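Since this is a predicted model, take the numbers as computed values, not measurements.
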Amino acid sequence: MSATQYPVLWPMPTRWADNDQYGHVNNVTYYSYFDTAVNAWLMRATGTDITALPALGVVATTSCTFHGSVSFPDQLQVGLRIERLGNSSITYDLAIFRDTEAGPELAATGSFVHVYVDADTRAPVPIPEIVRAAAAELVN
């Protein structure tokens, strides 16, 4: 897996608080990196506050496979691409790369599914057009 396979590489610095007692970033923090990168990219790509849309993307499924360890003060990049763009859901294919002198080194791969729901009723709805247009640019 190479960083060049991802059309978006979102910068993600580690924080002192990310390390656990074993001296590396705790596994749950990787999910935070995925969530932060996806939503920050969505806000930049759409030019809008996605929390103000009438439909919200809620996480239905997420997974992570670890390939290497990272720790503070590593600088990371989260690779984003779209595996599936459905009617009411988006499946993101994600990877976390640690910046090294030799180039990006794979640390983790994952998947993240946003299902779009009405902000009030929480019933599934179609992906908002502004989000769909941005996501279509990353379809694998």
Across all chains, not counting sequence neighbours, the side-chain hydrogen bond (donor to acceptor under 3.5 Å, both in side chains) partners of R15 are D18

Nearest-0.5 Å distance, OG1 of residue T109 to NE2 of residue H67:
3.0 Å

Are I130 and I82 co-members of a hydrophobic cluster defined by side-chain heavy atoms under 4.5 Å apart?
yes

When hydrophobic residues are tied together by side-chain contacts of less than 4.5 Å, even through go-betweens, does F34 share a cluster with M43?
yes

Heavy atoms only: give me the nearest G23-S71 pair and the separation to one decimal.
O-CB, 3.4 Å

Do you know the tightest heavy-atom contact between L53 and A119?
O-CB, 4.2 Å

For D49, give me all partners under side-chain hydrogen bond (donor to acceptor under 3.5 Å, both in side chains), at least two apart in sequence or on another chain.
T51

same_hphob_cluster(F112, V117) at 4.5 Å side-chain heavy-atom cutoff
no

List, by chain and then residue number, the residues other than W16 in its hydrophobic cluster (Ile/Leu/Val/Met/Phe/Trp/Tyr, side-chain heavy atoms under 4.5 Å); write none if there are no others.
F72

Flag side-chain contact, heavy atom, 4.5 Å: D20 against V25:
no

For residues 87-99, tabulate all N or O donor-acceptor pairs below 3.5 Å that involve a side-chain atom, not counting sequence neighbours.
{"from": "S89", "atom 1": "OG", "to": "R84", "atom 2": "NH1", "distance (Å)": "3.2"}
{"from": "D93", "atom 1": "OD2", "to": "R81", "atom 2": "NE", "distance (Å)": "2.7"}
{"from": "D93", "atom 1": "OD2", "to": "R81", "atom 2": "NH2", "distance (Å)": "2.9"}
{"from": "R98", "atom 1": "NE", "to": "E105", "atom 2": "OE2", "distance (Å)": "3.4"}
{"from": "R98", "atom 1": "NH2", "to": "E105", "atom 2": "OE2", "distance (Å)": "2.9"}
{"from": "D99", "atom 1": "OD1", "to": "Q77", "atom 2": "NE2", "distance (Å)": "2.6"}

Transitively linked via ILVMFWY side-chain contacts under 4.5 Å: V125 with V115?
no

For the backbone of I50 and the side chain of T48, can you confirm whether one donor and one acceptor N or O come within less than 3.5 Å of each other?
no

Please give me the minimum heavy-atom distance between L106 and A108, naming the atom from each residue.
CD1-O, 3.5 Å

Under a 4.5 Å cut-off applied to non-hydrogen side-chain atoms, are Y116 and L56 in contact?
no

Can you confirm whether H24 sits close enough to V70 that some side-chain heavy atom of one is under 4.5 Å from a side-chain heavy atom of the other?
no

Value for OH (Y30) from OG1 (T65), rounded to nearest 0.5 Å, stands at 12.0 Å

Shared hydrophobic cluster, W41 / V131 (ILVMFWY, side-chain heavy atoms < 4.5 Å)
yes

Roughly how far, to the nearest 0.5 Å, is OH of Y31 from OG of S63?
6.0 Å

Could you report the tightest heavy-atom contact between A134 and T46, atom names first, then the distance?
CB-CG2, 4.0 Å

Is there a side-chain contact between V59 and V113 in this structure, where contact means two heavy atoms from C-beta onward sitting under 4.5 Å apart?
no

Side-chain contact, heavy-atom cut-off 4.5 Å: N19 with T29?
no

By side-chain hydrogen bond (donor to acceptor under 3.5 Å, both in side chains), D35 pairs with (sequence neighbours left out) N39

d(L42 CG, L80 CG) to nearest 0.5 Å is 8.5 Å

Quick one: side-chain hydrogen bond (donor to acceptor under 3.5 Å, both in side chains) partners of T4, sequence neighbours excluded?
S2

Residue pair A37 / M12: nearest heavy atoms and the distance that separates them:
N-CE, 3.9 Å

Can you see which heavy atom on Y33 is nearest to which on V78, and at what distance?
O-CG2, 4.1 Å

